[in-house]
Amino acid sequence: MQFHLNGFRPGDPRISEPLAAGERPLSLPEETDVLIVGCGPAGLTLAAQMAAFPDIRTVIVDQKTGPLEQGQADGIAVRTMEMFQAFGFADQVKREAYWVNEATFWKPDPENSAGIIRTGRIEDTEDGLSEFPHVILNQARVHDFYLDVMHRSPQRAAPCYGRRFETLNRDQKGVTATFTNLTTGKADTIRARYVVGCDGARSGVRSSLGLQLEGDSDNAAWGVMDVLAVTDFPDIRLKSLIQSKEEGSILIIPREGGYMARFYIELDKLRADERVRERNITADHLIAAANRILRPYTLDVKDVAWWSVYEIGQRLCARYDDASEGVLPRVFIAGDACHTHSPKAGQGMNVSMQDTFNLGWKLAGVVRGQYPEDLLTTYSEERQAVAQELIDFDREWARVLAGKTGSEDDRFDDYFSTHLRYTAGTTIRYAPSRLTGDDTAQDLATGFQVGMRFHSAPVIRLADAKPMELGHVAEADGRWRLYLFGSATDQRLRDLHNWLDRDPTSPRVRYTPEDADPDAVIDIRAVFREGHRALELAEMPPGLLPRKGRYGLADYEKMFCPDPKADIWTMRGLDPRGCMVLVRPDQFIAQVLPLESQGQLTAYFDGFMLPQRG
Ligand code: FAD
């Protein structure tokens, strides 16, 4: 973390200086740039992202009276932890959460038809998949961390609670949304340039666009309870999938804090016209079902911290915005508003947050005049495809878990372990597009796959010999990262630096406003082949010690060397010829290019960015 650039400031450096304009109003303003409906994980990820831009007006609204306190989702995939790192709270989550290191599988005992036995035990997250663990933490705590990011921002952003979204009207210049103030009963109206509906599975924003969740009408119902219990089941502190002979399945997820555990219990399918509340299910029903499935083990529940019966179908929206022929999008939907599926693979909260992490930087760049409005169509294109894959996966997983595939695939431990990378969120790959390059230079960096997330690796920072993760330089600040891999003595690397710094066709020159710091839009970092003790800082290209801020201070944190204990060049399949790896603001790799491909780099940015200099 870097601070004191524009002068020494005492106190917690994570708290930004407040905007001179003062604190944000508690009432709904009449106008905003971005209006977010819904304070779930999707809405809060977007609000936290927008809070990084003091020049953008953002309003986030929820019908609830205050923040979520407990319940709902709890699985945090490693890819999400990588995103949390960019927001600055991954370490806190790591400290507080339960770590899913191993999973066990239980099946009916062939020797005792009334009982179950353990049939498998596997590693949950393969070594080297990410520097982060797969963790479990109450969704409400995830909300708290985002609210904290918002609160520490220059705008001191906070949600407007107690407002129910009612209607939406789009015209040539923007969108008018109406809300009911649930305290006064009066109507509120707000004009916004863009509206994002993060208002969950029964989204009113989605309905007002005339969009529908399409798919399985055969709703599954899951009982879920967070309990403090005394049990002789031996794997209560391991993630366990249990399939009994006659009584159904349970998924046990140990929870943060060491004592609590979550039980997911599959209930019967609902009829199309039936709602779960009509069945009068209570927590006692869930406890009794858990005891039947766990037999011969017992579960003596002392306290039920939260329970719910959660109804879901596998459903997906055909598009995530209001674009139509010749009309660019102004209203978007994200998260459960556009896709719903079972909680078994722990994807709901993760995919929802990744939706708005994809949208946030694009929306911010359009509002700030960096990108044309048509870039916003890439949000629906990229994220709808991701959700389609998830729905397909979830449908198959449900069949395997229920033992209904009618084949050997019924071994759910095998299915589970072969899909661990998928559930970790690390297999998502965006198709080639104007934002995602092709793979012609992929052989220069086989471990940095174009279209996939940037997979961090250890390095040593040259200036101060600090061992660190290279990926952790990326913050959720809307900037691009251009990593240059090469030898410090390679003339091509020096030529590239000179070109990036000075040439009028360089994207850094063309797209960085005159009065901004040189790394304000494209943050260039170099990773040398040489060890950190073999190089002299003063001999490095001057562009790698950029002068910044009010005092023109040098930024010493742009250059890195391999860590001899874990060499990034070997770990990420980097060719000794070196290369450029261009990473989007949402941590996805846009391009891998040879060091001498200045023209291709220019062409890439020229494909969608708006010049910032005359
Ligand atoms: P949500 O988290 O649903 O957030 C939507 C927000 O929009 C809410 O805060 C809501 O109050 C607000 N909103 C809705 N309508 C309006 C309106 N008209 N005006 C203003 N605000 C509005 N996932 C699991 O993996 N495991 C679980 O056990 C689990 N249990 C769940 C239990 C419940 C009761 C619910 C609702 C969801 C559960 N989920 C569970 C799903 C998981 O929480 C979601 O996948 C995830 O929260 C999706 O995030 P989101 O931001 O898209 O939507």
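Counting starts at 1 for both ligands and their atoms, in listed order. Source: prediction; values computed, not measured.
If you check which protein heavy atom lies closest to atom 14 (C) of ligand 1, you get Asp199 O, 3.2 Å. The protein heavy atom nearest to atom 12 (C) of ligand 1 is Asp62 OD2, 3.2 Å. Among protein heavy atoms, the minimum distance from atom 28 (O) of ligand 1 is reached at Tyr264 OH, 2.9 Å. Here the protein heavy atom with the shortest distance to atom 17 (C) of ligand 1 is Gln63 OE1, 3.4 Å. For atom 45 (O) of ligand 1, the closest heavy atom belonging to the protein is Asp336 OD1, 2.9 Å. In terms of protein heavy-atom proximity, atom 33 (C) of ligand 1 is closest to Gln72 CG, 3.7 Å. Atom 2 (O) of ligand 1 has its closest protein heavy atom at Pro41 CD, 3.3 Å. From the protein, the heavy atom lying nearest to atom 5 (C) of ligand 1 is Cys198 O, 3.4 Å.
Geometrically, ligand 1 and Ser308 share no nitrogen or oxygen pair separated by less than 3.5 Å. For ligand 1, one of its N or O atoms has an N or O atom of Phe165 under 3.5 Å away.
At least one heavy atom of Arg262 sits less than 4.0 Å from an atom of ligand 1. Ligand 1 lies out of reach of Gly204, whose nearest heavy atom is not under 4.0 Å from it. A heavy-atom separation below 4.0 Å is not found between Glu166 and ligand 1.
Nearest to atom 47 (O) of ligand 1 by heavy atom, out of Gln139, Met353, Met225, Met349, is Gln139. Checking Cys160, Gly200, Cys338, Ala42 against atom 3 (O) of ligand 1, the nearest heavy atom belongs to Gly200.
Each of Ser203, Cys338, Cys317 was scored for a side-chain contact (heavy atoms from CB on, under 4.5 Å) with Leu211, with one residue passing: Cys317. Tested against Tyr430 for a side-chain hydrogen bond (donor to acceptor under 3.5 Å, both in side chains), the candidates Arg453, Arg584, Arg383 yield a single pass: Arg383.
Side chains of Trp307 and Phe263 form no contact here, defined as non-hydrogen atoms less than 4.5 Å apart. With a 4.5 Å cut-off on side-chain heavy atoms, Gln70 and Arg141 do not count as touching.
Using cut-offs of 30° and 60° on the angle between ring planes, the pair Phe165 and Phe179 is perpendicular.
Of all the heavy atoms of Val224, the ones lying under 4.0 Å from any atom of ligand 1 belong exclusively to the side chain.
Phe454 has its ring centre no less than 6.0 Å from the ring centre of Phe588.
Within the cation-pi definition used here (under 6.0 Å to the ring centroid, within 45° of the axis), Arg330 qualifies as a partner of Tyr194.
In summary, Arg191 and Asp171 engage in a salt bridge, as defined by a charged side-chain N under 4.0 Å from a carboxylate O. By the 4.0 Å N-to-carboxylate-O rule, Asp148 lies close enough to Arg152 to be salt-bridged with it. Comment: Lys239 does not engage Glu102 in a salt bridge, judged by the lack of any side-chain N to carboxylate O separation of less than 4.0 angstrom.
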